[in-house]
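Have a look at the structure below, then the notes.
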Amino acid sequence: MEETKKSLNFIEHIIEEDLGKDYSKSDLRFRFPPEPNGYLHIGHASSICLNFGLGLRYNAPVNLRFDDTNPAKEEKEYVDAIKRDVEWLGFQWDKECYASDYFQQLYDWAVLLIKDGKAYVDSQSSEEMAKQKGTPTEPGVESPYRNRTVAENLALFEQMKNGDFEEGIHVLRAKIDMASTNMLMRDPIMYRVIHRAHHRTNTDWCIYPMYDWTHGESDYIEQVSHSLCTLEFLPHRELYDWFLDQLVSKDKLRPKQREFARRNLSHTVVSKRKLLKLVEDGVVSGWDDPRMPTISGMRRRGYPPESIRNFVDTIGIAKRDNVVDVSLLEFHVREHLNKVAPRVMAVLNPLKVVITNYPEGEEEWLKAENNPEDESAGTREVPFSREIYIEQEDFKEEANRKFFRLKLGGEVRLKNGYIIKAESCTKDENGNIVEVQCTYDPKSKSGSGTEESLRKVKGTLHWVSIKHAETAEIRLYDRLFTNETPDANKEKDFMEFVNRDSLQIVTGYLEPSLKNVTIGDQVQFQRLGYFNVDQDSTDEKLIFNRTVGLRDTWAKLKEK
RNA sequence: UGGCCUAUGGUGUAAUUGGUAACACAGCUGAUUUUGGUUCAGUCGUUCAAGGUUCGAGUCCUUGUAGGCCAACCA
């Protein structure tokens, strides 16, 4: 219902227009067509959300189709990873398809094209063919094999299929136009010989179809109505249509390819080659390192799938070059986590505080709200005692009025606890503050309802009772690149922009309720940020990843 | 020096198809707050350029300018 109010993107305009003409609503079908040769990243997420989002909007099926036409690069491992990622994002595909399922049909059609004089076997080296291809400004020249007889072509193609030739000896080419201004129309290769086992068809085939010959025909076989791809495929559209022209039948739906601009995220790279380089050089720990823009990396980082979907929805889709600021993605991550993440207390940079008027050996359990955004989240109890940790940044011997934290002679509220006052501090031989001595007001306990408890003090600090603290490894992540567009610089290699401080590991002191968390759990460490339990965690050692920090207006003030 | 695509605040996207340029993020003010979080209120700022058509142009036309894509037996 709300949907009708939302403005349409240009793809939706195209669909609406088509619905008014030659398509009915039941004709609509989409597809997400990854090549199983690597991990999915944020750019794919955008395409997934676009195609599956359209499916949801029009109540149309969406196929997951693996474009597996190159056994030299593709593996089942990637198929499984891709399926997991799409599911995790929250989408369900209609059919699970593989281009390799259509190899026989594609072959039969290719034979038809040969018989029709529309395709021929070329027997030159790739270098020779490249030379003949011409350049964008000069036409190409025709291959000397271009006018082989149909019988000869048929025989040769059959032999190629049977594995009678080494790789690189012959290819099948479409006979189109060597003078076309579109380089892709200059007799594009349809088949090449590859002697290699395929992850699904094993060694059944010795020839494999090229992308252009496969993609549109697969769309046609699956009766995909709108085949959406990125802008660099725009010149392919002419060829996509040419191939379809050769075999499409009137009574079946004819797919159309339309193109959109890929989404670029600031402070990152997404090309498979570059991501691989980060992995191989050990800049990151793997494809699912929480700093990687891969879907598995973002999952491990703790980005909720809802936030990724909302993000993609917000940035929309268009045809111009773009760089979306990563802070918009972080906004959606926070927006979601704010609603669902339980609040807990953890100290990452501890400074010991002794409450001198609190009885030694005594402890008490204080009631704490789990999530102020969600009453149903309930409460828990946190232990308080004479010695606690606060953050080092939360204490200064002296500071101006703008510092809402603890300073000598000043008061501050301990979250869920008492109001304390800093009386003195001790330093080590280097002048570093190692302990702060405070007094507390026993009547100021949070929630007790006393006049003292209602007293307003400007600052509220999070804290952890030392005696009760659990320790954990905390992995603090920052942006992987210092530059907004690391791969857009022509003089400098993107590796020069790698942020060497993108991972900082510290020991955190946590309130004891955190003892029971399991891998994947997400919490807010109050005043610090959102964290999740990393998969490396064991019973002996807890490990948290910082998903994203809280918005920090104090940090901004300090910069000024 | 060919062909094709694109140009709207700092960023990303809209604009009922020729009729008041708006939404989100970011920024800035302030209020609320037992998270310097959240929330709320306010604020800053936009049609690549020059012509033309029109009562009226972000939208149509012309010419520029800038950016992108195209010469893998990759997808």
Side-chain angles (χ1 to χ4, degrees), chain A residues 6-9 13 33-35 37 67-70 72-74 122 125-126 129-131 133-140 167-173 180-184 186 189-194 207-208 210-212 214-215 229-238 259 261 263 266 272 311 313-325 327-332 334-335 338-339 343 345 368-369 372-373 402-405 412-417 419 446-447 453-454 456-462 484 524-529 549-558:
Chain A
K6 220 184 129 210
S7 56
L8 306 180
N9 63 46
H13 278 296
E35 182 189 12
N37 73 338
D67 236 329
D68 56 349
T69 58
N70 188 351
K73 290 182 169 184
E74 296 147 7
D122 200 342
S125 68
S126 57
M129 284 193 283
K131 239 178 277 167
K133 196 145 194 188
T135 70
T137 52
E138 310 158 53
E167 292 182 14
I169 307 295
H170 304 287
V171 292
L172 185 74
R173 290 227 256 172
S180 171
T181 54
N182 184 346
M183 299 290 291
L184 289 156
R186 323 246 261 224
I189 293 173
M190 294 171 68
Y191 278 95
R192 74 287 213 197
V193 173
I194 301 177
I207 54 172
Y208 289 90
M210 299 288 286
Y211 166 83
D212 288 297
T214 309
H215 204 89
C229 59
T230 47
L231 233 29
E232 68 263 30
F233 288 95
L234 199 151
H236 294 247
R237 187 150 119 195
E238 192 179 356
E259 311 80 13
R263 323 302 321 202
S266 74
K272 276 171 194 162
F311 166 72
D313 206 43
T314 307
I315 62 179
I317 197 81
K319 293 176 84 165
R320 51 178 160 170
D321 290 350
N322 59 81
V323 182
V324 184
D325 202 300
S327 67
L328 182 57
L329 175 56
E330 291 171 345
F331 163 79
H332 284 285
R334 288 191 191 102
E335 187 191 39
N338 176 50
K339 288 183 283 198
R343 273 57 169 174
M345 293 197 285
E369 200 178 15
E373 303 295 315
K402 292 224 172 155
F403 186 76
F404 303 159
R405 304 179 182 190
V412 86
R413 159 76 63 185
L414 292 177
K415 180 80 187 168
N416 306 312
I419 293 172
S446 292
S453 75
L454 266 17
K456 301 281 176 203
V457 283
K458 191 59 193 172
T460 301
L461 305 185
H462 63 276
E484 195 180 67
Q524 183 196 96
F525 289 169
Q526 278 194 319
R527 302 212 302 139
L528 297 176
L550 255 25
R551 214 168 134 249
D552 191 349
T553 45
W554 170 240
K556 276 179 212 151
L557 278 175
K558 273 198 300 189

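The sequence lines fix the lettering, A, B, ..., with proteins before strands; numbering per chain opens at 1.
Residue-level contact check: A/Leu557 touches the bases, meaning some heavy atom is under 4.0 Å from a base atom. Looking at heavy-atom distances under 4.0 Å, A/Met210 makes contact with sugar-phosphate atoms alone, never a base. A/Leu550 comes within 4.0 angstrom of a nucleotide base, judged by non-hydrogen atoms across all strands. Contacts of A/Tyr191 with the nucleic acid, taken as non-hydrogen atoms under 4.0 Å apart, are absent. Nucleic acid contact for A/Thr214: none, since no nucleic acid atom lies under 4.0 Å from a heavy atom of the residue. In this structure, A/Phe403 reaches the bases: a heavy-atom distance under 4.0 Å links it to at least one base atom across the strands shown.
Comparing the P positions of B/C4 and B/U17 gives an interatomic distance of 30 Å, to the nearest angstrom. Nucleotides B/G52 and B/C5, compared at atom P, are 27 Å apart to the nearest Å. Atom C1' of B/A14 sits at a distance of 11 Å from the matching atom of B/G58, rounded to the whole Å. B/G64 and B/A24 are spaced 40 Å apart, taking the P atom of each and rounding to whole Å. With C1' as the reference atom, B/U1 and B/C23 are 44 Å apart, rounded to whole Å. Distance check on atom P: B/U11 versus B/A49 gives 15 Å, rounded to whole Å. Comparing the same atom, C1', in B/U54 and in B/U62 gives a spacing of 16 Å after rounding to whole Å.
For A/Lys272, the NZ atom sits in a packed shell: over 12 heavy atoms of surrounding residues, nucleotides or ligands are nearer than 6.0 Å.
Each of A/Val324 and A/Asn416 has a nearest nucleotide on RNA chain B; the 5'-most of these lies closest to A/Val324. If A/Leu328 and A/Ser126 are placed on RNA chain B by their nearest nucleotide, the residue sitting closer to the 5' end is A/Leu328.
The listed nucleotides are B/A14, B/G37, B/C74; the one nearest the side chain of A/Arg343 is B/G37. Minimum atom distance to the side chain of A/Val171 is reached by B/C73, of the listed B/G12, B/A75, B/C73. When the nucleotides B/G2, B/C73, B/G36 are ranked by their closest atom to the side chain of A/Pro136, B/G2 comes out on top. With distances taken from any side-chain atom of A/Lys456 to the nucleotides B/A14, B/U34, B/A75, the minimum falls on B/U34. Taking only side-chain atoms of A/Glu74, from C-beta outward, the nucleotide of B/A75, B/A24, B/U13 with the closest atom is B/A75. Closest to the side chain of A/Asp321, out of B/G67, B/C74, B/U34, is B/G67. For A/Thr137, the listed nucleotide lying nearest its side chain is B/G2; candidates were B/G2, B/G12, B/U34. Taking the side chain of A/Asn338 as heavy atoms from C-beta on, and the options B/A26, B/G37, B/A14, the nearest nucleotide is B/G37. Closest to the side chain of A/Asn70, from the set B/C74, B/C25, B/G68, is B/C74. The side chain of A/Ser327 lies closest to B/A26 when the candidates are B/C74, B/A24, B/A26.
Tested against A/His462, the residues A/Arg527, A/Gln526, A/Arg343 include a single side-chain hydrogen bond (donor to acceptor under 3.5 Å, both in side chains) partner, A/Arg527.
Between A/Lys556 and B/G27, a side-chain N or O to OP1/OP2 separation shorter than 4.0 Å is present.
With hydrogens and angles left out, the side chain of A/Glu373 and the base of B/G37 share a donor-acceptor pair within 3.5 Å. Remark: the A/Arg551 side chain and the B/G36 base include no donor-acceptor N/O pair separated by less than 3.5 Å. Between the side chain of A/Arg527 and the base of B/U35 there is no donor-acceptor pair of N/O atoms closer than 3.5 Å. For A/Gln524 against B/U35, a side-chain-to-base donor-acceptor contact under 3.5 Å is present.
Ring-base stacking between A/Trp554 and B/G36 is satisfied, the centre separation being under 5.5 Å and the plane angle under 30°.
In RNA chain B, stems built from 3 or more consecutive Watson-Crick or G-U wobble pairs, each with both distances under 3.5 Å, span B:2-7 with B:65-70, B:10-13 with B:22-25, B:27-31 with B:39-43, B:48-52 with B:60-64.
At a cut-off of 3.5 Å, with distance as the only test, a side-chain donor of A/Ser327 or A/Asp325 sits close to an acceptor on the other residue.
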